[in-house]
Amino acid sequence: MLRMSTLFLRTLRDDPADAEVASHRLLVRAGYVRRIAAGIYSWLPLGYITLRNIERVIREEMDAAGFQEVHFPALLPVDAYQQTNRVTEYGPNLFRLKDRKGGDYLLAPTHEEMFTLMVKSEYSSYKDLPLSLYQIQTKYRDEARPRSGIIRGREFVMKDSYSFDLTDQGLEESYNKHRDAYIKTFDRLGMRYNIVSAMSGAMGGSRSEEFLAPCPTGEDTYVLCESCGYAANVEAMKTVIGHADSSATPALKVVDTPNTPTIDSLVNVLNEKFGGGYTGADTLKNVLLVADGKNIAVLVPGDREVDLKRLEANLPGVLEIRLFEDADFAKNPGLVKGYVGPQDAKKFGLTVYADPRIAPGTSWVTGANKKDSHALNVVVGRDFTIDEYVESAEVRAGDACPDCATPVVIDRAIEIGHIFQLGRMYAQALDLTVLDSDGKPRVVTMGSYGIGVSRAVAAIAEQTHDEIGLCWPAEIAPAKVHIVATGKDDNPFNVAEDLASQIEKLGLSVMLDDRRDASPGVKFKDAELIGVPIIVIVGKALVEGNVEVRVRRTGERSEVRLADAASEVVKLLS
RNA sequence: CGGGGCGUAGCGUAGUGGCUAGCGCGCCUGCUUUGGGAGCAGGAGACCGGAGGUUCGAAUCCUCUCGCCCCGACCA
């Protein structure tokens, strides 16, 4: 039983000056956490109980799925991370240190290497697979900018799992098992979330999804179709390729468009000279880039920008992309800045990538590769060819859902989980093989799966709080019931004490406000701030033999007979 | 790393060259009070982030430095 008279807790009347987002503000005010340094927090009793409740739920679901818990050190020698090149990849985000002998160590940002090596050292047969291991561990990342309290910290608690399979199909099954376990976990944690397609990135994986908890203070932007539920990372958003009939389109025609190096200036001149209500969307923007030293053109409708992050994510194998600079134009005199068109791409040695909106048969206004002139009626497939379609245009709210064509919305969210088919990259780098039934060694294929545990505390606080305080789902609240005793004589305190132990006997955790010196107002405010789901007030109503039962979330209040209080609480919590 | 803001008691803050750094909350003592952050009286608590400088005199001006928050880049 948590007794407020002795609980190590000091709630704050004012918002802390250095906290802006609700979860941070309230977790500090209600005495759950305290900041030690940027992105580094201490957990006070209430916070630590809440954190451990989340861990418990996760553990129960992981165990139920048949995954086995292990535990690695956070402090590790760098060797394995060097072999997988992650020391370089993480760069300054990696916390590094030396021991007294000058040996290189790091504080682990995540543990793929160690799990891979552990399995390698214990197992060597296909008969041992599939296998899924997990741990709940403190991770360290020296973030360039920690922010939003414990949403993005430099030290944080993460549940990370890894699956090991012989075959791609096995990986798919392990992945789906984790996906199901995550759904159960987040449902129990009382979170609202969307499962969002993500890019697997350059790590060679094939499938990846993020669990995103929608919330205005979230730092992830994603696309959501409110009609069919399609959800995707901006990078992973798909655009449906259409087709157009170009048989009636007149022949390509080059026209003078003096002084029109930008889309806006071009549209103005077109409408002045030809009328017809041209818009940026009728023009074709040719963005020239250098991808790993090779010149490429990316075509997008004139009213959209190229989203470099999307482009990069969708061009696997390409390491570095940059925009054309003046020096590049100087080296390629045929490419006239502001008047580039794809018609002569072959001549210029350009590989032409295009957004799917530049569909076969569609007709565009684009540069004529000559200063101050553009070409009209430039038809895809007739007047130029596209080497490859690639998702590259910026995504906007209102774009068509790839599944049902409904306009999508763009929303913000906190990433609370990420599941990821890693494939064989780590196993390859660290030489994790098992002998197959034919006696030949096979490289194991892996998945990695993460839940931000400490972040979940903040994410849940963000999603559930109201103006007066925190408001936890029962499963993770620091107590199920908060009993407040008020009055000046002993009776309500004795009654509250009895009621508390009665409720505890029913298996519900109780917080009891047994402070004799605090005024009722203070106790009510504290109870609301702390956010335990059921608040029972033992006080004034006692003269009629009643206590007041309040539901924190709804504010609903009712008076019940003292004798019925415990069963009423049980009923409200079920 | 670029841009912006801020460091004064546990928390929130006032104080822009001049007396002993002020107030509210919280904390301690006493009395009163006890259903919405009680009242009165008394009290403890601050090397004004740090270093250096200017000045008869610096929380206040200057230089450097450390830290924190926000936006972006980055990360996921």
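By convention in this document, chain letters (A, B, ...) are assigned in the order of the sequence lines, proteins followed by strands, and residues within each chain are numbered from 1. Please read these numbers as outputs of a predicted model, since none were measured by experiment.
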Report task. Would you please indicate if the ring centroids of A:F67 and A:H178 are separated by under 6.0 Å? Result -> yes
Report task. Verify whether the ring centers belonging to A:F211 and A:Y182 lie closer than 6.0 Å. Result -> yes
Result block: side-chain N/O donor-acceptor pairs under 3.5 angstrom for residues 480-487 of chain A, not counting sequence neighbours:
{"residue": "A:K480", "atom": "NZ", "partner": "A:A474", "partner atom": "O", "Å": "3.2"}

State whether a side-chain donor-acceptor pair under 3.5 Å links [X] with [Y].
X: A:Q135; Y: A:H111; value: yes
X: A:R96; Y: A:Y81; value: no
X: A:S23; Y: A:H465; value: no
X: A:E112; Y: A:T110; value: yes
X: A:T88; Y: A:N85; value: yes
X: A:Y175; Y: A:Q421; value: no

Between [N] and [M], how far is it from one [atom1] atom to the other, in whole Å?
N: B:A21; M: B:A14; atom1: C1'; value: 10 Å
N: B:G12; M: B:C6; atom1: P; value: 16 Å
N: B:G26; M: B:G45; atom1: C1'; value: 11 Å
N: B:U13; M: B:G7; atom1: P; value: 9 Å
N: B:G50; M: B:G18; atom1: C1'; value: 25 Å
N: B:G72; M: B:U16; atom1: P; value: 34 Å
N: B:G35; M: B:A76; atom1: C1'; value: 48 Å
N: B:C47; M: B:A9; atom1: P; value: 8 Å

Requested in this report: Classify the angle between the aromatic ring planes of A:Y193 and A:F186 as parallel (below 30°), tilted (30 to 60°) or perpendicular (above 60°).
Outcome: tilted
Report summary line: Of A:F8, A:W472, A:Y48, the one forming a ring pair (Phe, Tyr, Trp, His ring centres under 6.0 Å) with A:Y32 is A:W472
Query - Result of checking A:E209, A:E172, A:E61 against A:R179 for salt bridge (Lys or Arg N to Asp or Glu O under 4.0 Å) - result: A:E209
Query raised in the report: If you measure from the Lys or Arg side-chain nitrogens to the Asp or Glu carboxylate oxygens, is any gap between A:R192 and A:E462 under 4.0 Å?
Result: no
Query raised in the report: Does A:R310 come within less than 4.0 Å of A:E235, counting only side-chain N to carboxylate O?
Result: no
Query raised in the report: Do A:R35 and B:G10 have a side chain to base donor-acceptor pair shorter than 3.5 Å?
Result: no
Between atom [atom1] in [X] and atom [atom2] in [N], what is the gap in whole Å?
X: A:I40; N: B:C68; atom1: CD1; atom2: C1'; answer: 13 Å
X: A:L44; N: B:C11; atom1: CG; atom2: P; answer: 13 Å
X: A:E20; N: B:C6; atom1: CD; atom2: C1'; answer: 12 Å

Query - Contact letters for nucleotides 71-76 of chain B, in which S counts primed atoms plus P, OP1 and OP2 and B counts the base, heavy atoms under 4.0 Å - result: BBBBBB
Report task. For each nucleotide in nucleotides 21-34 of chain B, reading 5' to 3', give B when a protein heavy atom comes within less than 4.0 Å of its base, S when such contact involves only the sugar-phosphate, and - otherwise. Result -> ---BSS-------B
Query raised in the report: Is A:R550 positioned over the aromatic face of A:F524, cation under 6.0 angstrom from the ring centre and no more than 45 degrees off axis?
Result: yes
Report task. Measure from the side-chain heavy atoms of A:A17 and tell me the nearest of B:G36, B:U13, B:C68. Result -> B:U13
Query raised in the report: A:D526 and A:R10: salt bridge (charged side-chain N to carboxylate O under 4.0 Å, His left out), yes or no, with the steps?
Result: CA-CA 10 Å; A:D526 275 348; A:R10 195 99 307 158; over 6 Å; no
Report task. Only stems of 3 or more consecutive Watson-Crick or G-U pairs count here, both distances under 3.5 Å; name the ones for RNA chain B, or none. Result -> B:1-7 with B:66-72, B:10-13 with B:22-25, B:27-32 with B:38-43, B:49-53 with B:61-65
Query raised in the report: When you measure from every atom of RNA chain B, which of residues 538-549 of chain A have a heavy atom less than 4.0 Å away?
Result: A:G539, A:K540, A:A541, A:E548
Query raised in the report: In residues 558-569 of chain A, what residues come within less than 4.0 Å of RNA chain B, judged by heavy atoms?
Result: none
Requested in this report: For A:P16, report the nucleic acid contact type (base, sugar-phosphate, nothing); a contact means any heavy atom under 4.0 Å.
Outcome: sugar-phosphate
Query raised in the report: Would you say the side chain of A:F115 lies within less than 4.5 Å of the side chain of A:F72, judging by non-hydrogen atoms?
Result: yes
Query raised in the report: Taking for each residue the nucleotide of RNA chain B with the nearest heavy atom, is it A:I468 or A:H24 whose nucleotide lies nearer the 5' end?
Result: A:I468
Requested in this report: Could you pick out which residue, A:G521 or A:A38, lies toward the 5' side of RNA chain B when each is mapped onto its nearest nucleotide?
Outcome: A:G521
